[in-house]
Amino acid sequence: METKRLVVVAVGGQGNLLASSVLGEAALLSGIPLHMSEIHGMAQRGGVVESALVFGDASSTIISDGEADILVGFEPAETLRAINKCNASTVVITNLAPLMPFTVNIGQGVYPDLKNLQELIRNKAAKLIAFNAADLAKEAGNVLAVNMVLLGALIQTGVLPLSEEDVKKAMKRKTKQQFLQSNLKAFDLGYSAAAETA
Amino acid sequence: MSQESDLYFEYSTNEKIAMEVAAAAANCGVRSMCVMKHVGVNVAADALMTLAYVGVKGGMVIVSADDPFMFSSQNEQDNRFYAKMSGLPMVEPSSVEEAKELVSYAFELSEKLNEPVLFRTTTRINHSTGIVTLGKIRERVTQGDFVKDPLNLVTVPAVARKLHVKLLEKYDKAQELAETSEYNFITGKGKWGIICNGVSYNYVRDAINDLNIEDKVKVLRMGFSHPLPAQRIKSFLKACEKVLMIEEGEPYMEEAVKAFAQEEGLTLEIKGKAKDLFSRLYEYDPGQVRKCIAKYFGFKYTPTEVVDTADVPPVPQRPPTLCAGCSHRATYYEIRKAAEGMQTIFPTDIGCYTLGLLPPLSTADFLLCMGSSVGTSGGFSKVTDKKVVAFIGDSTFFHAGIPGLVNAVYNNHNFTLVVLDNGTTAMTGHQPHPGVDMTQLKLEGYGRVSIEAVVKAIGVQYVTVIKPYKVKKSIEAIKEALNFQGVSVIISEEPCALYAKALKLPQRKPFRISEKCKDHRDCINHLACPAFYIWDEKVNIDPNLCTGCALCAQICPENAILPVKATA
Ligand code: SF4
């Protein structure tokens, strides 16, 4: 089976780990081998969380520089920071709603210009799908569903060997019952947003 | 765990104690396990080295979680050397699935040899998720008995001399078992060889696939890696023209393998750690392993084309910071205020509060290990005339702070120790400790130790308790403590904001910036609370992050920070 490598980067609290566990469950449902790992040193204290998911025939649970088939960034500056994971055929999905790092607020560092950021990524990767996932999450009725919006976009690209159906089944198993409806809606909104970019 | 099964589980105060508790249980014939970080084994090492002599009756497994790259540790020591130093057997899994299998293997091994087995893992495996197949769990024995046998269990020199002989005998027996262990295996064929262990094995497997060299390189994977199976390795070496050692961390196997080659008079090339190959630093990754294999054996290989990042502007750092409303921020601010004009040294310790290191708080100057804040303060205060103010968390205080404080009182040191008591072990995910009110967690049958009572009982002459969200009062109290000659202790009590939320303790109302704001930005610049953000050139507070601690409201020169009004 062909190997597909997915890197997900997010800021602590954005629900990266839940999104990864939904993908893990979906892989299990569809009988796709998956090896994954996540590094979340001090994520609850506002740090960065990075997950690596390797689908198909491989044993590693880590993705080297330049080896991601797809990169999903939950926050635009974090997407840019992780650009070294990409090569010229990588598909990149990014949320465009920034979460200001505190360093910017106290004047240490400048937040990258969003237009410039998109152009940089577009020039380097095979494709960029960029939209405001926070707005779509709000529209779905759950501001915390940014992760599910991006999951929808991810599945739309078809890069991963996972079907929409299996991922939704996995969402039912892995996310809280009370949020299921809004999560599914968020997923659909993300899915269509990605389709429009195509 | 203790709630869900008949397994007894405890959070011990420190690793040495954990190892001692487990060692005693295992000496009563009850299977036991103790789990710690790599640096925790340093704390437990005193017990470990002699436990190796004494051995066990029931199986005992010691799990060490090493942290190559130091994702959240103060060093990246390679604990495989503890196996070598203690003489105990060691196993190392390569994957989540294998870790599960190896645990029961390790217990059986321990019972076969009557000695504890080291189970060494690394962060990358511990943070991986994989599919495991559950098997049958054997019937548990939770009660044992202790049979007196002082001439084998009390390690006075005469006994220890005998026991060391026994340990060496067990070593030989362990080595025999390693020779035939299914966890040391060879895959592939060819005249070239790779010897690897742990997580590196996955990268080797992927590299061999990618490079399509299954029939050119054979791999010896070591899963039972102490004692190393000498015969097995020697015959592997004899069948190779050239060998590459792939192991994260120190050249633990490489040194041994080279020695085996020497014993056999073999002159083949064996390399691993080298300038142009592998480093002792950090984690390995699949791309790097692939590259080194191709280079060493001369395989054709096209490196992956990483995108060019030369034109990417620097992305602002996102270091972990103290949470919004973290009580440590308040204490740090107050200490800095109270110590204004003094020349200070701030020895710190291990916990969330180490994050006080970054500006604007800048309240961390020196750190070695858990408890070092107290010990090093003694040294700083003896040889400098600066004011030494040390920080330690409540959990770390119990873990390793108390002996240092006893030492300071006894040797009449001169410093102020601030115990940041937030009622939990916050950094690692809110584990309880001896000072925690366990009834809050709905757990019965626990004792509770008061930090204040301990400090007073040690004989500290000046002890004061502050509530850090009362800024003025706290600063006054701190000033007095700082002026005390000798050892003074300030206990700063306020629950961890994150823990309070998790416990659903009553929450305060968030604050907002009112029109009175004159844009001094004292709040944001002195406190760096992540609830602040700048929008439209103005300071704002994110009401979803603000916990209502009111620290900023108390320091705003314009009194412009007010509670959010109840929604009109
Ligand atoms: S988890 Fe608790 S102690 Fe740690 S930074 Fe957050 S509020 Fe502070």
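Just so it is clear, the values below take in all heavy atoms, side chains as well, and ignore hydrogens, waters and symmetry mates. Here is how names work: the chains are called A, B, and so on, in the same order as the sequence lines, proteins then strands, and each is numbered from 1.
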If I measure from the heavy atoms of chain B, does [X] come under 4.5 Å with its side chain, its backbone, both, or neither?
| X | result |
| --- | --- |
| A:Met100 | backbone |
| A:Leu99 | both |
| A:Glu75 | side chain |
| A:Leu120 | side chain |
| A:Val104 | side chain |

What part of [X] gets closer than 4.5 Å to chain A, counting heavy atoms only: side chain, backbone, both or neither?
| X | answer |
| --- | --- |
| B:Ser73 | neither |
| B:Cys326 | neither |
| B:Pro359 | both |
| B:Arg205 | side chain |
| B:Ser128 | both |
| B:Thr129 | both |
| B:Ile131 | side chain |
| B:Tyr201 | neither |
| B:Arg290 | side chain |

Next on the checklist: Checking side-chain polar atoms at under 3.5 Å, does A:Thr103 have a donor or acceptor matched by the opposite partner on B:Gln317?
Outcome noted: no
Checklist entry - What residue in B:Ala528, B:Pro319, B:Gly130 has the most heavy-atom pairs under 4.5 Å with chain A? => result B:Ala528
For [X], I'd like to know if atom [atom1] has over 12 heavy atoms of other residues, nucleotides or ligands within 6.0 Å.
| X | atom1 | value |
| --- | --- | --- |
| A:Lys138 | NZ | no |
| B:Gln431 | CD | yes |
| B:Tyr282 | OH | no |
| A:Gln108 | CD | yes |
| B:Tyr533 | OH | yes |

Roughly how far, to the nearest 0.5 Å, is [atom2] of [Y] from [atom1] of [X]?
| X | Y | atom1 | atom2 | answer |
| --- | --- | --- | --- | --- |
| A:Asn123 | B:Asp308 | CG | CG | 11.0 Å |
| A:Glu38 | B:Arg124 | CD | CZ | 9.5 Å |
| B:His127 | A:Ser51 | NE2 | OG | 11.5 Å |

Item to check | Max heavy-atom pair count under 4.5 Å with chain B, selected residue of A:Ile62, A:Thr61, A:Leu53 | outcome: A:Ile62
Checklist entry - When only pairs under 4.5 Å are counted, which of A:Ala77, A:Pro112, A:Gly109, A:Ala125 shares the most heavy-atom pairs with chain B? => result A:Ala77
Verify, without hydrogens or angle tests, whether [X] (side chain) and [Y] (backbone) share a donor-acceptor contact under 3.5 angstrom.
| X | Y | value |
| --- | --- | --- |
| B:Asp206 | A:Ser59 | yes |
| A:Arg81 | B:Pro316 | yes |
| A:Lys124 | B:Thr309 | no |

Heavy-atom pair with the smallest gap, counting every atom of [X] and [Y]:
| X | Y | value |
| --- | --- | --- |
| A:Phe102 | B:Phe532 | CE1-O, 3.9 Å |
| A:Ile39 | B:Thr123 | CD1-CG2, 4.0 Å |
| A:Ile83 | B:Val307 | O-CG2, 3.2 Å |

